[in-house]
Amino acid sequence: AQSVTQPDIHITVSEGASLELRCNYSYGATPYLFWYVQSPGQGLQLLLKYFSGDTLVQGIKGFEAEFKRSQSSFNLRKPSVHWSDAAEYFCAVGATNNNDMRFGAGTRLTVKP
Amino acid sequence: GAGVSQSPRYKVAKRGQDVALRCDPISGHVSLFWYQQALGQGPEFLTYFQNEAQLDKSGLPSDRFFAERPEGSVSTLKIQRTQQEDSAVYLCASSLVGVQPQHFGDGTRLSIL
């Protein structure tokens, strides 16, 4: 079965600084990859997804992620962080042959003024 | 409705009581998923429906957990004889097909006393 590792439990960045959240996955074939964001007391909102094609995908709120097959990674980036980006971020991997989606444990982002 | 709706938002129950959590998916969405999210963790897959058929229930932690979607729209997750370890946020998600981007509800926070 597929699995996801988010190595960073908590990251703090200054407002306006760049951001990169790491995600590594384990799956034997090309996976479906997702990044979700969760604010306190809320459900998960999809930021972006990768199914196939261009390995650099653009999402909402200025986020992007790059699928690197050789590194089994799907890191999330944003060039300039806003205070409203403070939240919990989850990477997820879906298998192409079933309906099971696995989430990482999440990275909590704190934004300093 | 415009999004996935879950009710109640909060549920407090005494150990041993039965609880029922409701999910109203986005109209027309074939796939419906239930997840359990413990504090500080990512969502863990519980079960999956395609229309009214429960195709995967491998994530249900015990036979005290039961889910149904009798008419292929609204779903109910039932937990019998609740235990303290059942305390978590229960998230429902729906999608047009399979793991295609899932739209999440805000969850039901269940507390077992």
Side-chain angles (χ1 to χ4, degrees), chain A residues 1-10 21-25 27 29-52 57-60 63 65 76 87-109, chain B residues 1-10 21 23-26 29-51 53-60 69 88-109 111:
Chain A
Q2 65 274 30
S3 65
V4 178
T5 301
Q6 293 181 247
D8 305 304
I9 296 174
H10 183 207
L21 303 182
R22 296 184 291 164
C23 172
N24 292 98
Y25 69 89
Y27 183 59
T30 300
Y32 297 148
L33 294 163
F34 308 84
W35 274 99
Y36 285 86
V37 61
Q38 185 178 37
S39 297
Q42 303 294 314
L44 280 71
Q45 180 184 21
L46 179 70
L47 288 176
L48 48 78
K49 64 185 186 293
Y50 172 80
F51 286 170
S52 65
V57 294
Q58 303 296 322
I60 62 171
F63 286 93
L76 181 71
E88 189 88 20
Y89 290 80
F90 293 96
C91 180
V93 57
T96 54
N97 61 352
N98 63 43
N99 297 292
D100 186 1
M101 192 156 79
R102 300 295 174 95
F103 286 81
T107 297
R108 183 161 60 94
L109 175 65
Chain B
V4 178
S5 177
Q6 292 188 247
S7 61
R9 285 298 313 277
Y10 304 92
L21 313 180
C23 173
D24 262 287
I26 293 173
H29 277 194
V30 169
S31 300
L32 186 145
F33 301 78
W34 283 98
Y35 294 88
Q36 181 189 59
Q37 186 176 23
L39 190 64
Q41 298 296 315
E44 295 281 344
F45 170 82
L46 292 177
T47 187
Y48 161 70
F49 289 87
Q50 183 171 304
N51 295 309
Q54 188 175 21
L55 298 185
D56 187 345
K57 55 182 181 180
S58 62
L60 296 176
R69 193 186 185 196
V89 174
Y90 290 85
L91 294 168
C92 176
S94 70
S95 68
L96 281 171
V97 176
V99 294
Q100 295 285 333
Q102 296 179 17
H103 300 262
F104 282 80
D106 287 340
T108 294
R109 182 175 296 276
S111 298

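Chain A is the first sequence line, chain B the second, and so forth, proteins listed ahead of strands; every chain is numbered from 1.
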What residue in A:Q6, A:Q38, A:R108, A:R102 has the most heavy-atom pairs under 4.5 Å with chain B?
A:Q38
Tell me whether the count of non-hydrogen atoms from other residues, nucleotides or ligands lying under 6.0 Å of CD1 in A:I60 goes above 12.
yes
Donor-acceptor pair, side chain of A:Y25 and main chain of A:C91, under 3.5 angstrom
no
Give a yes or no on whether the backbone of B:P8 and the side-chain of B:T108 come within a donor-acceptor separation of less than 3.5 Å.
yes
Are the side chains of B:S95 and B:F33 in touch, meaning some heavy atoms are under 4.5 Å apart?
yes
Engaged part of A:L44 at the chain B interface, taking heavy atoms whose separation is under 4.5 Å:
both
Which atoms of B:Q6 come close to chain A, meaning under 4.5 Å heavy atom to heavy atom: side chain ones, backbone ones, both, or neither?
neither
Do you know which of B:S58, B:G59, B:P43 has the most heavy-atom pairs with chain A at a distance under 4.5 angstrom?
B:P43
